[in-house]
Protein chains: 2
Amino acid sequence: MAIPRAAKTQRRTRIQEEKEEIILEAALDVFSVSGFRGSTIDQIAEVAGMSKPNLLYYFRTKEAMHRALIDRVLFTWLEPLRAFDANGDPESEIRSYIRRKLEMARDFPRESRLFANEMLQGAPHVEDELRGPLKDLVDEKAEVIRAWAKAGKIAKCDPYHLIFSIWSTTQHYADFDVQVRAVLGPEHSGEGRFEDAARYLEQLFVDGLRIRGPRA
Amino acid sequence: MAIPRAAKTQRRTRIQEEKEEIILEAALDVFSVSGFRGSTIDQIAEVAGMSKPNLLYYFRTKEAMHRALIDRVLFTWLEPLRAFDANGDPESEIRSYIRRKLEMARDFPRESRLFANEMLQGAPHVEDELRGPLKDLVDEKAEVIRAWAKAGKIAKCDPYHLIFSIWSTTQHYADFDVQVRAVLGPEHSGEGRFEDAARYLEQLFVDGLRIRGPRA
DNA sequence: TGTAATGTTTACCAATCGGTCAAATTATCC
DNA sequence: GGATAATTTGACCGATTGGTAAACATTACA
């Protein structure tokens, strides 16, 4: 009798790893569009190409699927900020942070939307992570930015709202993709819009951080 | 026999106006958090304090409720952009546009989230409005900004991405409110955060638009 | 005040929801 | 190859879903 669920076994089988990957991929498709409440296990099962009980063999509940997905996304989502280097040159650090975040919006839009959906619903599943690891990381990087300003390397600014601005502007191209495409029109909806956005955003933020000399 | 639904009558009764208002208010509460698919008529009925069939007397389907809500929100949501004045002073126009958008994020967060939810789901109910009225309005204002740049009143920049940036940064404080509060901590989660955001964003965008002189 | 239109509720429906169960199938390892 | 564990599925469950039917209550208006 195979009572133990996959999750409870000691070692993960080859099949387990493969199937869990397929399921999470399908779950990402569905959750990122409809949010937790609006998604159904049947939808995910159909996308994954397996039966519903089979999904539930690998993840005991809908919550468990969502949880696993969120955990994975949350980690990789913070990668760019983690890479933010206190010893680097301020301007190029900001620049590459923007570029990296924009690349993620381009290459992993579903992950961005999954996260956005969770935020819109009041973060019922991740509030602890926000207040813990996320806040800690942001606090740390905000301190770096503040130190740069104090040392006169960049203009004074509120580091928290700077970070919020970079988050929102870059993620906008993933989360509000439909709107961006609709407004830009079909002729500017190719991948080139990410190039344009990168150019604009780098200019915007870097200019804002330069210490202003006498104006023309 | 009262076959005709409220919506089909010639003139709207006093009761109709009141109840429809109550229902839409409740629907906004629910839809803005859970999105269309994730919301149920029962939830809305409970918030509205009336029975489910009573809701369905005023709005025949869940879609009709959502539709009515979206239409109303879409209109008021574009108010600030409509007010953007081609004959005004560029710097103060941008400034007051940011301020107005931020006020809306503060005073009408549910409306912002309703819209964001719709975008995340691929705008299945409003794609036409995006491609029509919205695009037209943005095109018009983008032309204004381009003209300002051409006349040397502001620095050259991509007007579309400028508008996207203002949208995303301001709406972020409504849509990602949980995250903002979590990162800022309880001591900075009072209404003052909107003041700080306004100060930061006005500086960011206005600086970016100033024609740059020789640097210090 | 009577009556027709409007508004409200109870009871209900078929479809779908998240999830279980036991039986059947497949992979693994000796 | 056979025993055993791991995987997959069809049938099913109670709860919830969006929505309806019809009886009942209230309002507006002559």
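Proteins get letters first, then strands, A, B, ... in listed order; numbering begins at 1 in each.
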* Side chain of Pro53(B) - closest among dT20(C), dT20(D), dT8(D) -> dT20(D)

* **Selection from dG19(C), dG7(C), dA11(D) that lies nearest to any side-chain heavy atom of Thr61(A)** => dG19(C)

Starting at [atom1] of [X] and ending at [atom2] of [N], how long is that distance when rounded to a whole Å?
X: Arg60(B); N: dT20(D); atom1: CZ; atom2: C1'; result: 13 Å
X: Phe36(A); N: dC17(C); atom1: CZ; atom2: P; result: 14 Å
X: Tyr58(B); N: dT20(D); atom1: OH; atom2: C1'; result: 18 Å
X: His66(B); N: dG18(D); atom1: NE2; atom2: P; result: 13 Å
X: Ile23(B); N: dG7(C); atom1: CD1; atom2: P; result: 11 Å
X: Glu63(A); N: dC17(C); atom1: CD; atom2: C1'; result: 15 Å
X: Leu55(A); N: dC17(C); atom1: CG; atom2: P; result: 13 Å
X: Leu56(B); N: dA11(C); atom1: CG; atom2: C1'; result: 15 Å

Check [Y] with [X], please: is the shortest side-chain N to carboxylate O separation under 4.0 Å?
X: Arg193(A); Y: Asp177(A); value: yes
X: Glu195(A); Y: Arg199(A); value: no
X: Glu129(B); Y: Arg67(B); value: yes
X: Arg99(A); Y: Glu103(A); value: no

Any side-chain N or O of [X] less than 4.0 Å from the OP1 or OP2 oxygen of [N]?
X: Asn54(A); N: dT7(D); result: no
X: Gln16(B); N: dG7(C); result: yes
X: Tyr57(B); N: dG7(C); result: yes

* **Glu140(A): partners by side-chain hydrogen bond (donor to acceptor under 3.5 Å, both in side chains), with sequence neighbours left out** => none

* To do: Check DNA chain D against residues 40-50 of chain B and give the residues with a non-hydrogen atom under 4.0 Å, in numerical order.
  => Thr40(B), Ile41(B), Asp42(B)

* Step through the shown structure and confirm whether more than 12 heavy atoms of other residues, nucleotides or ligands are within 6.0 Å of CD on Glu46(B). => no

* Verify the neighbour count for atom CZ of Phe108(B): are there more than 12 heavy atoms of other residues, nucleotides or ligands below 6.0 Å? => no

* To do: Check the pair Asp139(B) / Tyr160(B) against side-chain hydrogen bond (donor to acceptor under 3.5 Å, both in side chains), numbers first and verdict last.
  => CA-CA 8 Å; Asp139(B) 281 341; Tyr160(B) 289 95; 2.5 Å; yes

* Asked: In terms of ring plane angle, is the pair Phe164(B) and Tyr173(A) parallel, tilted or perpendicular, where the classes change at 30° and 60°?
  -> perpendicular

* Base dG18(C) to side chain Lys52(A), donor-acceptor N/O within 3.5 Å cut-off -> yes

Enumerate all atom pairs, one protein N or O and one N or O from nucleotides 24-28 of chain D, separated by less than 3.5 Å.
residue: dA28(D); atom: OP1; partner: Arg14(B); partner atom: NH1; Å: 2.8

